[in-house]
Amino acid sequence: MFNIEEIRAQFPILKEKVNGKDLVYFDNAATSQKPQRVIDAIVNYYTHYNANVHRGIHTLSQVATDAMEVSRRKIQAFINAKHEHEILFTRGTTEGINLVAYAITNLVNKGDEIIISYLEHHSNIVPWQLLCERKGATLKVIPMDENGILQIDVLDTWLNEKTKLVAVNQVSNALGVINPIQEIIAKTRKLSSAYVLIDGAQSSPHFEIDVQKMDCDFFAFSGHKMYGPTGTGVLYAKENVLEKLLPFHGGGEMIDHCTFQKTTYAGLPFRFEAGTPNICGNIALGEAVDFMQEVGIKNIADHEHQLLEYAQKKLLEIESLKVYGEKANRAGVVSFNLQGIGIASDVGMILDKLGIAVRTGHHCTQPIMEYFDIAGTVRASFAVYNTFEEVEILVEGVKKAQRMLS
Ligand code: C6P
């Protein structure tokens with residue numbers, strides 16, 4: 001049974017006061033709050049078994065190694081990957097995408113094409129621009145309409161033997177639009193031999209993820225947006241694809257044998273995990289996955305969907321308020337502006353005084369803002385612990401901002 005009070009009781013930060021008011025945290029797309037069990041996992045690691053992993057014969061090192069590898073298997077199950085060595089620990093989505101953009105360097109040639117979409121976060125734009133510059137390849141961008149819906153028909157003519165990679169997000173962080181990734185993957189498989197990378201930063205906190213069913217080659221996501229610690233993330237990649245890639249970082253742990261003349265590399269996943277990893281973060285991420293599984297991913301998705309619908313309905317009752325992507329199928333995010341009144345950050349600052357945390361600005365998606373000819377939006381993003389009462393506080397806060405800025 002889904003009991004919101006029991007869930008909220010697990011998040012100590014929700015008892016904080018901000019500017020003398022109860023905290024209302026609607027900046028979950030930036031980073032979510034952490035349940036006590038995740039915080040405890042961090043404290044427990046440093047209190048009882050802090051040691052480096054995969055290196056020591058001593059007991060603590062083995063305990064830490066086992067705990068981190070248990071976490072890798074939890075994540076494998078969470079996204080239904082076939083093999084645990086297809087789970088690479090990263091610092092977050094950004095690092096996962098950069099890893100792929102570097103590691104496929106030798107598979108991309110002059111004149112090849114990489115396709116992304118208009119709805120991408122800068123993390124899924126810039127690494128591909130850098131790759132295109134290095135290799136003389138071309139970047140193509142799937143257009144969108146005024147509802148933030150991708151016009152994927154272009155793929156019917158764009159996909160061919162020159163296409164090396166298609167990289168799109170499952171959910172847009174700026175608008176919350178859910179993209180038709182199954183159709184994009186199906187078209188890509190039918191018309192090209194390109195790899196497909198899915199940026200799952202904004203879907204993994206909200207949806208059930210099944211990478212085998214999805215049939216993507218890469219799926220990158222951030223642990224800190226799904227109740228895990230900052231500095232954690234995961235890159236899933238198919239085993240047969242990983243085998244073809246260049247290592248990203250060189251260093252300890254990723255070698256088989258190292259001489260001054262030549263180095264041979266370790267097996268998967270360690271070839272792609274050079275250096276001491278974020279051991280305690282990776283362990284605590286496993287705890288976050290347990291939290292989500294115990295609440296139930298479907299329960300999380302249903303609750304957040306209801307919050308989103310309610311927030312949109314109430315916000316749209318405010319005169320001159322525009323929701324971006326209003327008509328699109330969305331998850332987790334409502335992005336809006338009070339048209340003709342102040343700028344997004346003015347609204348955000350007034351909300352902050354009321355204890356309400358939202359993000360304002362371009363959300364690292366400047367092309368989307370340029371499309372709508374705006375500097376930014378006010379973005380409220382939801383997590384499992386948010387309530388309908390909090391949505392009402394937000395709506396009253398926006399009305400107050402409107403009065404103050406008119
Ligand atoms: N979006 C937001 O407030 P990192 O920072 O590596 O954990 O995630 C990058 C990233 C990549 N793709 C998408 C779709 C994202 O939303 C993000 C992070 C945050 O919207 C911080 S800019």
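Counting convention: from 1, in listed order, for ligands and their atoms alike.
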Mind checking whether [X] and [Y] have ring centres under 6.0 Å apart?
X	Y	value
Tyr236	Phe218	no
Phe272	Phe248	no
His362	His122	yes

Closest contact, heavy atoms only, Ala174 versus Met369 =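 Closest heavy-atom pair between Ala174 and Met369: CB-CE, 4.1 Å.
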Using modelled atom types only, decide if a donor and an acceptor are shared between the side chain of Ser117 and the backbone of Leu119 within a distance under 3.5 Å.
->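 Answer holds: yes.
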Going by atom types only, do Thr360 and Ser345 share a side-chain donor-acceptor pair under 3.5 Å?
->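 Thr360 vs Ser345: no donor-acceptor pair found between side chains.
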For ligand 1, what are the residues with a heavy-atom contact below 4.0 Å?
->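 The 4.0 Å shell around ligand 1 contains Ala29, Ala30, Gly92, Thr93, Thr94, His121, Ser123, Asn173, Asp199, Ala201, Gln202, Ser222, His224, Lys225, Arg359, Cys364, Arg379.
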